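Here's the structure we're looking at; comments come further down.
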Amino acid sequence: MSRKIVAVDDSDIARELVVATLADFGYDTVETFSDPIQALETLSGQSETADLVLLDIMMPGMDGIELCARLRQVEAWRDVPIVMLTSRTDKGSLSRAFMAGANDYLMKPFDRVEFQARLKAQLRLKSELDRRKSPADPAAMTAAAPPRRSHVPGLLGDQHTLLDALTTLDGSEPLCVYALSIDALASNATDFLPADRDAIIAAVSRCLAAIEMPAGDILVRWEDESFCGASLGRSRSEMVARLERVAGRVETALSGLRDRLRGGETTVSIALAVGDPGCRSSEVLGDAFRTLEGARNDGAGRIHVAAPHGA
């Protein structure tokens, strides 16, 4: 089968088993790596991607979750299905893996039937994505519905990306959700020219995408002037300190757009909600945006923390 699969695992035996199993299924084009750092450097520089990536979670130097998150930051690899290979002892890491952009997982040692089924499902997904990107009829490019504007290059995705990630969480760790809005646009959305709005949002998006965050965290464009992020296992104080730095970076970026802002605010408002283990992610998400709405009503501000939300 003319499919290319990448497998990254620090265990020689595990890699050999994966390659042999894939060969039994008819997949002979397999690129393997024992070093995740080398894998990232090599894959990021390739002109062609693969149809599927298999990542072991527990690896030295850079674990599979961080490798997954870093691959998702590379434009060419953003839509390539990633399946995590996890031992039964690190199953709790799966929430972080899904937040980092993983599509599925397999428990080690894996069952051959389950392996083949999940493999085929992800390869079908890749085929459908490729089909949509390259319509047979060039006229279909203009006839197709325009893409959702909520996606901004440089961030992982849109609100659907975040919602999909939140549905995978098992509730075993505290969940932090934060929502950010550009104060000038939030308080006076109608008086900006479309070109100015797009330039302001694009500048903030580039700024947010350039801020280094822990692997497994997710940050997306939500809608209009809003962005939303989520993080697992972080303390309230840690998140507030991080968001203070984020606010400072974004406000610096906005200060260079005074001509676009035309006297509007160069500040951002950020709301943080923290849910204890067992709390529903939808409730934490709702708390963040309700707190952000309150911050907007009170005027421009910085970090607003929602009341604690227990299980």
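The model shown is predicted, which means the values in this text are computed figures rather than measured ones.
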Can you give the donor-acceptor pairs under 3.5 Å from side chains of residues 33-42 to other protein atoms, not counting sequence neighbours?
residue, atom, partner, partner atom, Å
D35, OD1, I37, N, 3.0
T42, OG1, Q38, O, 2.9

Which pairs would a plain distance check flag for residues 207-214, meaning a side-chain donor or acceptor within less than 3.5 Å of a matching protein atom at least two apart in sequence or in another chain?
none

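The closest side-chain heavy-atom distance from L54 to V18 is below 4.5 Å. Under the 4.5 Å side-chain criterion, counting only non-hydrogen atoms from C-beta, S172 is not in contact with P277. In this structure, the side chains of T32 and V8 stay at 4.5 Å or more apart for every pair of heavy atoms. Inter-residue side-chain proximity for L71 and V80 is flagged as unmet; no heavy-atom pair is nearer than 4.5 Å. Put simply, the side chain of I82 reaches to within 4.5 Å of the side chain of L55, judged on heavy atoms. For the pair M62/R70, a side-chain contact is recorded, criterion being any heavy-atom separation below 4.5 Å from C-beta on. Side-chain atoms of L163 and L285, non-hydrogen and from C-beta on, do get closer than 4.5 Å to each other.
The residues R242 and D217 are annotated as salt-bridged, a charged nitrogen and a carboxylate oxygen being separated by less than 4.0 angstrom. Ion pairing of E293 with R290 is absent here, as no side-chain N (NZ or NE/NH1/NH2) approaches a carboxylate O to less than 4.0 Å. The pair R260-D196 counts as a salt bridge, with a side-chain nitrogen and a carboxylate oxygen less than 4.0 angstrom apart. In this structure, E173 pairs ionically with R96, as a charged nitrogen and a carboxylate oxygen lie closer than 4.0 Å. For the pair D9 and K108, the salt-bridge criterion is met [side-chain N within less than 4.0 Å of a carboxylate O].
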CA sep, side-chain torsions, deciding dist, call: L52, R3, side chain to side chain contact (heavy atoms under 4.5 Å, CB included): CA-CA 8 Å; L52 180 72; R3 295 284 201 169; over 6 Å; no
Verdict with reasoning, D24 to R112, per salt bridge (Lys or Arg N to Asp or Glu O under 4.0 Å): CA-CA 10 Å; D24 289 344; R112 284 174 60 91; 3.4 Å; yes
Trace of the side chain to side chain contact (heavy atoms under 4.5 Å, CB included) decision for I5 with E31: CA-CA 6 Å; I5 298 174; E31 186 174 10; over 6 Å; no
Test log, rule side chain to side chain contact (heavy atoms under 4.5 Å, CB included), inputs V246 and Y178: CA-CA 11 Å; V246 169; Y178 56 93; 6.0 Å; no
Step-by-step side chain to side chain contact (heavy atoms under 4.5 Å, CB included) determination, V274 to V177: CA-CA 6 Å; V274 181; V177 176; over 6 Å; no
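Taking both residues in full, the closest heavy atoms of R236 and V305 are given as NH1-CG1, 3.1 Å, listed atom of the first, atom of the second, then distance. In plain terms, the two heavy atoms of A230 and L162 that are nearest each other are CB-CD1, 3.9 Å. Between L243 and I270, the shortest heavy-atom contact is O-CD1, 3.7 Å. A pairwise comparison of heavy atoms in S181 and A186 identifies OG-CB, 4.3 Å as the closest pair. Minimum heavy-atom separation, M58 to S87: SD-OG, 4.0 Å. Between G101 and C68, the shortest heavy-atom contact is C-SG, 3.8 Å.
Taking CG of L272 as the start and CG of L180 as the end, the distance is 12.0 Å to the nearest 0.5 Å. With rounding to the nearest 0.5 Å, the separation of CG in L85 from CG in L106 is 6.0 Å. Distance check: L166 CG to L175 CG gives 6.0 Å after rounding to the nearest 0.5 Å. Once rounded to the nearest 0.5 Å, the distance linking OG of S93 with OH of Y105 reads 12.5 Å. Here S95 contributes atom OG and I65 contributes atom CD1; the two are 9.0 Å apart, rounded to the nearest 0.5 Å. Between the CG atom of N103 and the CE atom of M84 there is a distance of 10.5 Å, given to the nearest 0.5 Å.
D183 contributes a side-chain N or O that, together with a main-chain N or O of V268, makes up a donor-acceptor pair within less than 3.5 Å. Using a distance-only test at 3.5 Å, with no hydrogens or angles considered, a donor-acceptor pair links the side chain of T252 to the main chain of G248. Formation of a donor-acceptor pair under 3.5 Å by the S231 side chain with backbone atoms of R234 is not found in this model. Panel note: side chain D51, backbone K4; a donor-acceptor pair is recorded below 3.5 Å. A donor-acceptor contact shorter than 3.5 Å links the side chain of R72 to the backbone of W77.
Applying the ring-ring contact (aromatic ring centres under 6.0 Å, His included) criterion to F289, with sequence neighbours excluded, gives W222. Take D224 and apply the side chain to side chain contact (heavy atoms under 4.5 Å, CB included) test, not counting sequence neighbours, and it matches R197. Looking at residues two or more places apart in sequence or on another chain, you find no side chain to side chain contact (heavy atoms under 4.5 Å, CB included) involving D164. Residues satisfying the side chain to side chain donor-acceptor pair (under 3.5 Å) criterion with Q122, sequence neighbours excluded, are absent altogether. Remark: D12 pairs with R15 by the salt bridge (charged side-chain N to carboxylate O under 4.0 Å, His left out) rule, at least two apart or across chains. For T266, the side chain to side chain contact (heavy atoms under 4.5 Å, CB included) partners two or more places apart in sequence, or in a different chain, are L254, R258, L261. For R118, the salt bridge (charged side-chain N to carboxylate O under 4.0 Å, His left out) criterion is met by D104, E114, not counting sequence neighbours. Qualifying side chain to side chain contact (heavy atoms under 4.5 Å, CB included) partners for A203, counting only residues two or more places apart in sequence or in other chains: R206, L257. In this view, D10 satisfies the side chain to side chain donor-acceptor pair (under 3.5 Å) rule with no residue, not counting sequence neighbours. For E16, there are no salt bridge (charged side-chain N to carboxylate O under 4.0 Å, His left out) partners, not counting sequence neighbours.
Within a 6.0 Å radius of CG in L193, other residues, nucleotides and ligands contribute more than 12 heavy atoms.
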